[in-house]
Amino acid sequence: MATKKIVTWTKKDLLGLEYLTKEEIELILDDARSFKEVLTRPLRKVPTLRGKTVVNLFYEPSTRTRTSFELAAKRLSADVINIVKESSSIQKGETLIDTGRNLEALKTDIIVVRHNCSGAAMMLSRSVSISVVNAGDGWHEHPTQALLDIFTLKEKLGAINGINVSIIGDIAHSRVARSNIWGLTKLGANVTVCAPEGLIPAGIEELGVKITNSVDEAIKRADAINVLRMQFERDRAEAFPSTIEYFKTFGITEERLKNAKKGIIVMHPGPINRGVEMSAEVADGANSVILEQVTNGIAVRMAVLYLVAHAKREEAPTDAV
Amino acid sequence: MVFKEKAKILDEKDMERAIIRISHEILERNRDTGRLAIVGIRNRGEYLAQRIVKFIEKTTKENVPFGIIDITLYRDDLTEVAEQPVLKETQIDFDISGKRVVLVDDVLFTGRTIRCAIDQLIDFGRPAVIQLAVLVDRGHRELPIKADYVGKNVPTALNEIIEVRLREVDGIDEIIICEKPEGE
């Protein structure tokens, strides 16, 4: 039997992968494997979070992440409440902190928050004693997306240590990229980021990544590429003139993948702009794990909800040894 | 916490005999071996179940469906336990509906683990019968649960623990009774 160091989860929140140790990240990934098994059972539900209430508090539109969190909570038998900006008191000017305190007063247990401001999840977590899970804050972090990306990579490649991962696309405005960089480098992967000049944030190399402006270079030695969505709706016109231009220079095509390692893994956090970041053939091709990522997302989020709900919080007395 | 070893209850030979006897009793009570299935409760129940399956298959020359159950997600004390349990996968790759399922665990104590295992099994389907086999019954039940097959009944005090060591995990087959030192 492999004896592994037993890691105890002590954090009430999941705010970002920057704040986790390698061991804590591995704990989430290990537990996610067990939760993935739950999803294959004839009855895809366990009573683990019965009586707990999870609030999805979303200040930004989202289908995948919100649905995934909702399913994860329901598979754990928690009650789920969805609050979206458009139909709530947020419209009347209530602050994030007030909303959080009210949710706590309503005796809920976990707030899953998405917000357009970087640091929103942390601010919320400091003003409530219930758990906060970051579902994306501004350009800062989207930890569960990176965790499911890493989980998928681990499933496909067996280990993260030593693998080459290239993240391609709008690095500057991507919380997915940032969380992936934190998580992957902590687990020992070699990370390369690839983007047009204007979409590489200053100082990114300090996070221990290589930089390239050539997509062919990024693909060449990669075991996996994680292709980000071009966020044209956030007016990046100055960074790149048009979607067609972008596709020509940075789009992932079957032609380009011919120079890649055999079996290169193609990931995308969704939603895909077909014909912008990648061709439809690549998105649906044999190397693509995009839909597996979606399935794995539920397992990873179940693990996160389970761990924060049962955290052995640091202030709690530890067992006398 | 350091426990003081008090006595060895079963050695390697005793354990082997107990497992063989339990296997025979299981066959005796479940003549329709075509419907028999064995499910071990993690961690050590898994290995005991494996040994029982091996013996039954050798005796009957028939395959016996075998599964492993991890009860963590069904525990009623997750918020209270001092140590966070390590989550592992459940593996039941056959349809348990209509089966005569024998649950296997090392020690029967409060009965709460068995309650979790039964609840979980029922979420997988509707077995014809669920029976329970344990290597040691140490008493102190907190739920109305009783074992169908028992290796050894060991009356214990609450400050004692039963330590089952199996060669698959611990490199040795033995069962020790230990005592919590005074003042803990």
Side-chain angles (χ1 to χ4, degrees), chain A residues 1-12 23-24 26-52 72 75-78 109 131 155 299-300 302-314 316-321, chain B residues 1-3 39 42-44 46-47 50 67-99 112 115-127 165-172 180-184:
Chain A
M1 288 262 303
T3 46
K4 212 172 162 181
K5 205 181 110 204
I6 293 174
V7 184
T8 303
W9 184 269
T10 55
K11 299 189 160 62
K12 91 173 169 80
E23 288 73 24
E24 285 169 329
E26 282 171 344
L27 176 63
I28 300 174
L29 299 174
D30 285 348
D31 281 1
R33 222 176 41 201
S34 299
F35 285 111
K36 193 171 181 186
E37 176 266 311
V38 171
L39 297 174
T40 66
R41 295 183 188 176
L43 193 149
R44 294 187 294 274
K45 206 177 176 86
V46 286
T48 318
L49 291 192
R50 218 163 44 138
K52 304 262 184 208
R75 299 289 184 237
L76 291 166
S77 302
D109 301 281
S131 296
E155 235 184 18
V300 163
M302 286 170 83
V304 167
L305 294 175
Y306 163 75
L307 286 169
V308 297
H310 296 113
K312 298 288 159 219
R313 295 195 185 182
E314 270 131 358
T318 50
D319 191 31
V321 174
Chain B
M1 191 165 1
V2 184
F3 285 92
V39 174
R42 285 193 196 274
N43 290 324
R44 285 176 178 70
E46 169 190 347
Y47 302 105
Q50 251 166 14
I68 307 164
I69 229 170
D70 182 287
I71 57 118
T72 310
L73 298 174
Y74 282 71
R75 285 176 71 151
D76 55 11
D77 58 350
L78 273 173
T79 34
E80 289 114 64
V81 283
E83 268 174 58
Q84 224 165 42
V86 180
L87 192 54
K88 292 193 181 144
E89 280 157 272
T90 288
Q91 293 165 5
I92 299 178
D93 307 326
F94 55 91
D95 183 7
I96 67 158
S97 294
K99 288 275 188 321
R112 287 179 193 268
R115 194 280 303 166
C116 296
I118 293 172
D119 277 352
Q120 191 173 352
L121 261 188
I122 287 168
D123 279 352
F124 274 82
R126 187 179 186 277
R165 296 176 186 154
L166 299 179
R167 56 170 188 267
E168 292 90 335
V169 200
D170 314 289
I172 186 170
K180 239 185 247 182
E182 295 287 323
E184 287 280 350

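Every chain is numbered from 1 and lettered A, B, ... according to where its sequence line falls, protein lines coming before strand lines. Values in this document were obtained by computation on a predicted structure and should not be read as measured data. All values below come from the heavy atoms of this structure, side chains included, with hydrogens, waters and symmetry mates left out.
For a residue to count as touching a neighbouring chain, one of its non-hydrogen atoms must lie under 4.5 Å from one of that chain's; by this rule A303(A) does not touch chain B. For chain B, no part of K36(A) is nearby; none of its heavy atoms comes within less than 4.5 Å.
Interatomic distance, OH of Y74(B) versus OG1 of T48(A), reported as 7.5 Å (0.5 Å rounding). Note: D76(B) CG to R50(A) CZ = 9.5 Å, rounded to the nearest 0.5 Å. One finds the OG1 atom of T10(A) at 8.5 Å from the CD atom of Q84(B) (value rounded to the nearest 0.5 Å). Taking CD1 of I122(B) as the start and CG of L43(A) as the end, the distance is 11.5 Å to the nearest 0.5 Å.
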(request) Take R75(B) and H310(A), measure what side chain to side chain contact (heavy atoms under 4.5 Å, CB included) needs, and give me the verdict at the end. (result) CA-CA 12 Å; R75(B) 285 176 71 151; H310(A) 296 113; over 6 Å; no
(message) With side chain to side chain contact (heavy atoms under 4.5 Å, CB included) as the criterion, how do D30(A) and L87(B) come out once you've worked through the C-alpha distance, each side chain's angles and the decisive distance to 0.1 Å?
(response) CA-CA 8 Å; D30(A) 285 348; L87(B) 192 54; over 6 Å; no
(request) Determine, step by step, whether E37(A) and T90(B) satisfy the side chain to side chain contact (heavy atoms under 4.5 Å, CB included) criterion, reporting the C-alpha distance in whole Å, the side-chain angles of both residues, the deciding distance to 0.1 Å, and the verdict. (result) CA-CA 7 Å; E37(A) 176 266 311; T90(B) 288; 3.5 Å; yes
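Your options are L73(B), D95(B), D119(B), and the one with the most heavy-atom pairs under 4.5 Å with chain A is L73(B).
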